[in-house]
Amino acid sequence: MSLRESAAFDRAVEALDNFRIEIPSWGFANTGTRFGKFVQAAAASTIEEKFADAGEVNRLTGATPTLALHVLWDLPGGGAHDVAQVRLLEKRFNVRAGSINPNLFQDQEYKYGSLCNPSAQVREQALAHVIKSIELGQQLGSRDVSLWLADGSNYPGTQSIRKRIEWLEEALSAAHARLAPEQRLLVEYKPFEPAFYHTDIADWGMATHLASEAGPQARVLVDTGHHYATQNIEQIVAWLLHTGMLGGFHFNDRRYGDDDLTLGSIDPYQVFRIFHEIHSAADDGLEMDIAFMVDQSHNLKGKMEAMVQTVVTAQEIWVKAALVNRKELTGKQTECELVQAEETFRGAFWRDVRPMVSAWREMRNTPADPLAALRESGYVERITRERGSRQVGAASYA
Ligand code: RM4
Ligand code: MN
Ligand code: MN
């Protein structure tokens, strides 16, 4: 039997046809560590270049039709001009504006917090920025506003943790009230950095509480890099699926902190375990509406290569997890046949699905090997030539 005639291939095709992953504009820009930046000649520094790069990734992988935007980096004017420009770029590069990410972390006013700042005036300013982001989402026809706060404190006793919860509840309800019916507010959590004593939205429990209190269109966003080392992320995902609170993901890999390394580069099995929870919940008929997004910035790897590699990895692991024989697995789980259950599960992880994914790519008229196609296209050489001279002295993430 040929590959394309197998039941597994049908399942893989269905899984890949339904899998879309959003890529971030900041993944194409020059970013760095807190020690400095290594500037790349091919990095994008305008919104046009970010859309061009995203369009190329979408052409190569067939899976990235939307681009996440950070309001101050990508839409600094925030007005009609920015919106009109994005609308033109969407058409030109065949990529739509994706989630809108407010910037509540870089202005000097936010030194002691944004929505949780002890100053009512700063809290108001931060809320106004969130509302502006919601309105931008409406103007761009983009559904999700994805909220990450850098708020927290560095030393015990220096802030009232409880007061800050109340301010946050108030702000998120006020923001929720401004959502259009089709919009969603995604609440991201992170237990450390930039604050290192307490973070105001530190984990999925806090994010779930805040999203539930804010209103019916708020959900939790899981960034895989935003957990303590050794935390069982797939269990968190299972709980969020069970409670209907899972709104989306920011995918990246990590070894120590919020490292933003390419997906699956350190622990591909973890990605598999997370994807398995999603396929399994879907098979059981659970309702879900999940925004899959990448949140990575590549400091050493080429940005285009790293992004294509990320999307290809996501597609491959998504298929591996789709191919878990869940009927067999349920039987083994019920019988407590531990080793056999584990082998059924792991067997799918070890399966080489690359021939199937390549066959799907050909069926969908996309290159069989996206990384090779990127190399052959000469795209990176072209943008290196065109952008190189402008990169000297680049200082911001925008
Ligand atoms: C944070 C978080 C957010 C991202 C910012 C820039 O660590 O992951 O999602 O927007 O970084
Ligand atoms: Mn994130
Ligand atoms: Mn992060």
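Each ligand, and each atom within it, is numbered from 1 in the order the structure gives. In this chain, residues are counted from 1 in sequence order.
- A donor-acceptor pair under 3.5 Å is absent between the side-chain atoms of Arg382 and the main chain of Ser377, judged by distance alone.
- Counting the atoms of ligand 1 from 1 in the order shown, those under 4.0 Å from a heavy atom of Asp258 are 7 (O).
- Atoms of ligand 1 found under 4.0 Å from any heavy atom of His226 (numbered from 1 in listed order, with element): 2 (C), 7 (O), 8 (O).
- Checked by distance only, ligand 1 and His250 come closer than 3.5 Å through their nitrogen or oxygen atoms.
- Remark: ligand 1 and His70 share an N or O pair separated by less than 3.5 Å (distance only, no angle test).
- Within the 3.5 Å criterion, the main-chain N or O of Lys303 finds no donor-acceptor partner in the side chain of His298.
- Of all atoms in ligand 1, numbered sequentially from 1 with element shown, those under 4.0 Å from a heavy atom of Asp223 are 8 (O).
- The local environment of CD in Glu182 is crowded, with over 12 non-hydrogen atoms from other residues, nucleotides or ligands closer than 6.0 Å.
- With Phe275 as the partner, the ring pair (Phe, Tyr, Trp, His ring centres under 6.0 Å) test is satisfied by one option alone out of Tyr269, Phe251, Phe249: Phe251.
- Atom CZ of Arg178 sits in a sparse spot, with 12 or fewer heavy atoms from other residues, nucleotides or ligands closer than 6.0 Å.
- No side-chain heavy atom of Glu342 sits under 4.5 Å from any side-chain heavy atom of Lys332.
- At the Mn ion (ligand 3), the angle from NE2 in His226 to OD2 in Asp258 is 90° when rounded to 10°.
- Nearest N, O or S atom of Glu188 to the Mn ion (ligand 2): atom OE2.
- At distances below 3.5 Å, at least one donor-acceptor pair connects side-chain atoms of Asn252 with backbone N or O atoms of Gly225.
- Take the N/O/S atoms of Asp223: the one nearest the Mn ion (ligand 2) is OD2.
- Less than 4.0 angstrom separates some heavy atom of Lys190 from each of these atoms of ligand 1: 7 (O).
- As for Asp295, its N/O/S atom nearest the Mn ion (ligand 2) is the one called OD2.
- Of all protein heavy atoms, the one closest to atom 5 (C) of ligand 1 is Trp148 CE3, 3.6 Å.
- Contact record, Ser297 with Trp26: CB-O, 4.2 Å, taken as the closest heavy-atom pair.
- Under a 4.0 Å criterion applied to the non-hydrogen atoms of Asp295, ligand 1 contributes the atoms 2 (C), 3 (C), 4 (C), 8 (O), 9 (O).
- Of all the heavy atoms of Glu188, the ones lying under 4.0 Å from any atom of ligand 1 belong exclusively to the side chain.
- Nearest N/O/S atom of His250 with respect to the Mn ion (ligand 2) is recorded as ND1.
- With ring centers used as reference points, Trp318 lies under 6.0 Å from His279.
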